[in-house]
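Have a look at the structure below, then the notes.
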Amino acid sequence: MICYQCGCNLSEHDFCTSCGADVALYKKIIYISNRFYNEGLERASVRDLTGAITSLRQSLKFNKNNVEARNLLGLVYFETGEVVAALSEWVISKNLRPKKNIADDYIDMIQTNQNRLDTINQTIKKYNQALTYCHQDSLDLAVIQLKKVLSLNPRFIRAHQLLALLYINSEEWERAKRELTKCIEIDTNNTATLRYLKEVDEMLMPEEGVKNAPKRKHKEEIIKYQSGNETIIQPVNMKEGKGVTSLLNLGIGIVIGLAIAFFLILPARIQTARAGIDEQLRTVSEQSDAKTATIDALQLEISELTAKNNSLQQDLQAYLGTDGELQSVDSLMKAAEAYLANPEEVTVVADYLEEIEADDPEGETSNSEAFESLYSTLLELVGSDIAQAYYNDGYDAYRAENYDDAIPNLERAFKYDPSNGEALYDLANAYYRIGEEDKAREAYQRVIELFPDTEKASKSEDFLEEMGSVD
């Protein structure tokens, strides 16, 4: 610890041995700041990141020049996905201690990697766009945006929490719990996460009803009464005997009543019922004849209507087309609407354009001139941006040796921007890495044809020589 006035090292005394300044209170402040720093370090070590942030902020309130606390706070922010807040803390730390500061390494780790910077920018833009969609009640688009945010930054706690809230709003409790569980794995003591998780658990596991109380055992009661000076006790079996006798008499009465009804009342009722049934049969027979004639007429009418319906269905299919044209038009309209709503959000437009490609993978559908004109206009407006987005995703997957994800993204990047030679060259390399030599040869040959006299073309020729010619 150094003196705040002259910069000399302090001793155990409450004054500076160099300049004589009173440093008793200063030492207490520094001790308190260091205590909060140690507490934040302990909480961070057990992944209580929310508690660690609270402790480290307290440490900086007492000593804003505590570089170690500020660096650790930046790391905790970075772990929760708050990259901008982390960079702010590290930049302040670097200004406080320009030399021998590990914050330099943290800042270089982010700023020297252009792809990582682009990813951070995309994450912030997409998260803000998701918030905008939430305010506009476009919750489905908000869910799509948040999923893309989490694919770029899986540790972004606020995105996980917002996605969980959207799932709770749509009563998708299992999905909400999965998102909140991911938050708990990152930050074990986040208050908002725990509150949301409690609500979800209550919906998934409602309280069980109160079980029936156990039956009580009734003791046999003994009947007692007083007769003069004597106490008379009536045996229990005497009471039971009376109950049996009553039940027996009741049974005999029921049997007698049934016999009287069977022999005296029932025959007359049966005769009356038969006469009524005969009358009803005559009426039903007459109605049946009339309904039979009506049914024949209706069946003839149904046959005519069925034939007419089939003819109309054929006309409708001829008008709409049976090859998916209507679905393609709907997807194109959605793509145009998404672009007009937010021109910068090209990935949503790309999703709808991919639906058009999926409806007509071979390009056999004959579309109208208006359809083709709108489709071409959209491609001119957002084609290059879509291609760049797919290339970034494909290149990151390629660098991570995740060729299954890299290949489709690189193919789309080249499809939307045929001038992107890097995408075609990386696609050829990806095919080569997974052993698809025929597709790799085709891609390398296209690089040579489309981009002659370039380094990519020269390298493609080397790869073709290495693979050898095909018989």
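These figures come from a predicted structure and were not determined experimentally.
For E179 and R175, the salt-bridge test fails: no basic side-chain N is under 4.0 Å from an acidic carboxylate O. Using a cutoff of 4.0 Å between basic side-chain nitrogens and carboxylate oxygens, R441 and E437 are scored as salt-bridged. Electrostatic pairing of R433 and E401 does not count as a salt bridge here, judged by no charged N lying under 4.0 Å from a carboxylate O. Taking 4.0 Å as the cut-off between side-chain N and carboxylate O, D201 and K198 do not count as a salt-bridged pair. The pair E39-R43 meets the salt-bridge criterion, since a charged nitrogen lies less than 4.0 angstrom from a carboxylate oxygen.
Heavy atoms only, all atoms of each residue included: L166 and C134 are closest at CD2-SG, 4.0 Å. Closest heavy-atom contact between V143 and Y167: CG1-OH, 4.2 Å.
Not a single donor-acceptor pair under 3.5 Å links the side chain of N189 to the backbone N or O of D48. Of the possible polar contacts, none joining the S33 side chain to the I30 backbone as a donor-acceptor pair under 3.5 Å is found. Of the possible donor and acceptor atoms, one in the side chain of R47 sits under 3.5 Å from a partner among the backbone N and O of I186. Counting only distance, with no hydrogens or angles, the side chain of D417 and the backbone of A413 share no donor-acceptor pair below 3.5 Å. At distances below 3.5 Å, at least one donor-acceptor pair connects side-chain atoms of T132 with backbone N or O atoms of N128. A donor-acceptor pair under 3.5 Å links the side-chain atoms of S88 to the main chain of V84, judged by distance alone. Side chain of N95 to backbone of V91: a donor-acceptor contact under 3.5 angstrom is found. At distances below 3.5 Å, not a single donor-acceptor pair connects side-chain atoms of N169 with backbone N or O atoms of L165.
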Q. Could you walk me through whether T188 and V46 pass the side chain to side chain contact (heavy atoms under 4.5 Å, CB included) check?
A. CA-CA 8 Å; T188 59; V46 295; 5.8 Å; no
Q: Go through the steps for K459 and E455 under the test salt bridge (Lys or Arg N to Asp or Glu O under 4.0 Å), then give the verdict.
A: CA-CA 6 Å; K459 291 182 179 180; E455 184 180 357; 3.2 Å; yes
Q: Please step through side chain to side chain contact (heavy atoms under 4.5 Å, CB included) for the pair Y425 and Y444, ending with a clear verdict.
A: CA-CA 7 Å; Y425 180 72; Y444 283 133; 4.2 Å; yes
Q: Kindly determine whether V149 and L163 satisfy side chain to side chain contact (heavy atoms under 4.5 Å, CB included), including the steps that lead there.
A: CA-CA 10 Å; V149 169; L163 182 57; over 6 Å; no
Q | CA sep, side-chain torsions, deciding dist, call: I434, I407, side chain to side chain contact (heavy atoms under 4.5 Å, CB included) | A | CA-CA 10 Å; I434 64 173; I407 288 173; 3.5 Å; yes
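Counting non-hydrogen atoms of other residues, nucleotides and ligands closer than 6.0 Å to CG of D140 gives a total of 12 or fewer. No more than 12 heavy atoms of other residues, nucleotides or ligands lie within 6.0 Å of CG in D453, so this atom counts as exposed by the packing criterion. Annotation: D105, atom CG; neighbour count of heavy atoms from other residues, nucleotides and ligands within 6.0 Å is above 12. Counting heavy-atom neighbours within 6.0 Å of E442 CD, excluding the residue itself, gives a total of 12 or less.
Note: F36 and F62 have parallel aromatic rings, judged against thresholds of 30 and 60 degrees for the angle between ring planes. Using a 30° and 60° split on the angle between ring planes, Y390 and Y416 fall in the parallel class, below 30°.
For the residue pair Q388 and N392, a side-chain donor N or O sits within less than 3.5 Å of a side-chain acceptor on the partner. Side-chain N/O atoms of Y432 and E466 include a donor and acceptor closer than 3.5 Å.
A heavy-atom distance below 4.5 Å is found between the side chains of L146 and Y127. Looking only at side-chain heavy atoms (C-beta outward), Y395 and N409 stay at 4.5 Å or farther from each other.
When the options K94, E82, R70 are evaluated for a side chain to side chain contact (heavy atoms under 4.5 Å, CB included) with E89, the one that passes is R70. Each of K126, K182, H160, Q145 was evaluated against L150; a single residue qualifies, H160, per the side chain to side chain contact (heavy atoms under 4.5 Å, CB included) test.
Rounding to the nearest 0.5 Å gives a distance of 11.5 Å between CG of N402 and CG of D393. From N190, atom CG reaches atom CZ of R195 across 9.0 Å, with rounding to the nearest 0.5 Å. In this structure, CG in L427 is found 5.0 Å from CD in E411, a value given to the nearest 0.5 Å. Taken to the nearest 0.5 Å, the CG atom of L56 stands 10.5 Å off from the CG atom of N71. I110 CD1 to Y106 OH: the interatomic distance, rounded to the nearest 0.5 Å, is 11.0 Å.
In this structure, K456 is positioned above the aromatic face of F451, its NZ or CZ under 6.0 Å from the six-membered ring centre and within 45° of the axis.
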